[in-house]
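Before any comments, here is the structure.
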Amino acid sequence: MYKISVIPGDGIGKEVMEATLHVLEAVNVDFEYVFADAGDEYAEVSGIPLPQETIDIVKDSQSCLFGAAGESAADVIVKLRQELDLYVNLRPVKSYPGTKSLFDNLDFVIVRENTEGMYIGLEEDTEEGAIATRVTTRKASERISRFGFEYAQKTGRKTVTAVHKANVLKKTDGVFKESFYKVAEEFPELESNDFYVDATAMYFITKPEMFDVVVTSNLFGDILSDLGAGLVGGLGLIPSANIGDNQGLFEPVHGSAPRHAGKGTANPAAMMLSAVMMLDYLDETEEARRMENALVKVLAAGKVVTQDLGGSASTMEMAAEVRRVLEEGE
Ligand code: NAI
Ligand code: MG
C-alpha cells in the first residue's frame, strides 16, 4: 500500500486527474489517496494558493500526483519543488503511435537540474540595465549527474550525455562538466559524452536518435525539454517527474488550459503518463508497462481519443477506453 497525495488543482487539472485515477483503479497496486488543495480556486476562498497543510500532506506521502494550477502555478509548483527539495526534473521524449510526433521510435529522457543555475532568482538592477547571477555548485552538479547515471543503469540505458556551454561559461559550466565526468568514473559500464547546448538543440532536430539520457542544468533543461515536447507531438501528451531523495511529484507539463476547462475535452494522456512515471518510480515496473501499453493501444487505434488527437471522445470516454483495454488485456 502506497500513500499518495493527490492535488487536482485548477481547470483541466481536475479533469485529467479524475480520468487518471479511474485508470489507476485497474492497476494491480494498492494506493491510499490523500487529497490536498492548491491553486487559483483554492486561493479564491482561502487567500493563499498553497497552504501549509498541503505541503505537510505531500511530505507525508510516498509520491504526489499533481494536476495543474492556473495563474498561481509559480507559487504552487515552484514552492513545492523547493520545500521538498525535488532536485531532478525528469522529462521523457518518447514518441507514441497515433500522435503528431515528428519522429517514430524516439525514446530518450532529459534529466534537468531543478534547484540552481540561472533560475535562483538572483537578479539586480544596475545603472546600465540588470544583472543575473548563475550559480553552479559541485554538490548539485554531482547529485544530478549521479541521478542520470543511476537512472540509466536502472532503466537499461547505455549512454549519458552532459549538455553545457563550458567554452563560454567557463567557470559555472566548467564545474558542471568536471563534476559530470567525476561521477562518470563510478559507472564505467555506461558510455558518457558531452555536447554544447547550441549543438544539442540542432541534434535534437537532425539526429534525435543519438540521445539516451541527457543531463543538463536548469535553464538549458527548461528550453531543451520543451524542444523535446515539440518533437513528440504536443502538450497533451507530455508527462514529467520531479524527484528528490525522499519522494517524487508527478505532473503533466501542461497547465490548467482554461479554454478546455469544464468541457471534458482535455486530453488525459499526459496525466496518465505521469502516473506511469510514478509507477516506475515506485518500482512497480510491470504495472507501469501494463498501463502504458493500454494507453498506447488506445492512441494507436485512434478511435476513442480526444479532439487534439483527431478524435471526438471526451476526457472520461478516453479514460474508460484505456481502462477497458487495461482490464481486458487486448
Ligand atoms: P496550458 O498548458 O494550460 O495550455 C497551452 C495550450 O495547450 C492551450 O491551447 C491548451 O488548450 C492546450 N492544452 C494543454 N493541455 C492540454 C490537454 N491536456 N489537452 C488538450 N489541449 C491541451 O498553458 P497556458 O495556456 O500557457 O496556461 C494556462 C494556465 O495554466 C495559466 O494560468 C498558467 O499559469 C498555468 N500553467 C500551470 C502549469 C502547472 O501547473 N504546472 C504549467 C503551465 C501553465
Ligand atoms: Mg518550461
Side-chain angles (χ1 to χ4, degrees), residues 5-23 36-44 49-50 54-55 58 64-84 86 89-91 96 98-101 112 114 119 218 221-223 225-226 228-230 232-243 248-278 295 298-299 302 304-319 321-322:
S5 50
V6 179
I7 305 178
D10 294 315
I12 67 164
K14 290 183 285 191
E15 299 167 44
V16 297
M17 185 66 80
E18 187 191 352
T20 299
L21 295 179
H22 183 68
V23 174
D37 292 312
D40 296 3
E41 286 176 34
Y42 179 74
E44 264 170 44
L50 180 69
T54 292
I55 297 172
V58 177
C64 176
L65 286 173
F66 183 90
E71 291 304 305
S72 58
D75 298 321
V76 174
I77 192 71
V78 178
K79 179 121 190 275
L80 274 172
R81 286 176 190 153
Q82 285 164 352
E83 286 277 341
L84 303 165
L86 302 173
N89 191 277
L90 195 61
R91 287 266 294 263
Y96 289 103
T99 67
K100 290 179 192 135
S101 180
R112 163 185 166 195
N114 226 0
Y119 283 175
N218 210 337
D222 191 15
I223 297 168
S225 322
D226 279 19
V232 292
L235 276 177
L237 289 161
I238 315 292
S240 75
N242 301 274
I243 295 172
L249 181 151
F250 302 83
E251 53 163 343
V253 169
H254 65 70
S256 61
R259 205 162 55 85
H260 287 277
K263 296 188 187 144
T265 50
N267 180 355
M271 186 75 235
M272 289 177 185
L273 290 169
S274 302
V276 168
M277 291 186 86
M278 180 180 82
L295 176 62
V298 172
L299 291 173
V304 192
V305 294
T306 46
Q307 281 164 17
D308 60 314
L309 297 169
S312 59
S314 71
T315 308
M316 284 310 288
E317 282 166 354
M318 183 167 160
E321 178 67 0
V322 175

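When reading the values below, keep in mind they use all heavy atoms of this one structure, side chains included, and skip hydrogens, waters and symmetry mates. Quick caveat, the model's predicted, so the values are computed rather than measured. When a ligand or atom number is given, it counts from 1 through the structure's own listing order.
Evaluation of the salt bridge (charged side-chain N to carboxylate O under 4.0 Å, His left out) test over residues 72-84, restricted to residues two or more places apart or in two chains, returns K59-E83, R81-E251.
Side-chain contact, D40 with S72: a donor N or O sits under 3.5 Å from an acceptor N or O.
A donor-acceptor distance shorter than 3.5 angstrom exists from the side chain of N114 to the backbone of L86, with no hydrogens or angles considered. Put simply, the side chain of S274 never gets that close to the backbone of F250: no donor and acceptor are under 3.5 Å apart. Counting only distance, with no hydrogens or angles, the side chain of E15 and the backbone of G264 share a donor-acceptor pair below 3.5 Å.
Considering CE of M278 and CG of L273, their distance stands at 13.0 Å, rounded to 0.5 Å.
Contact residues of ligand 1 (protein heavy atom closer than 4.0 angstrom to a ligand atom; sorted by chain and number): I12, F66, A68, A69, G70, E71, A73, L235, G236, E251, V253, H254, G255, S256, A257, P258, R259, H260, A266, N267.
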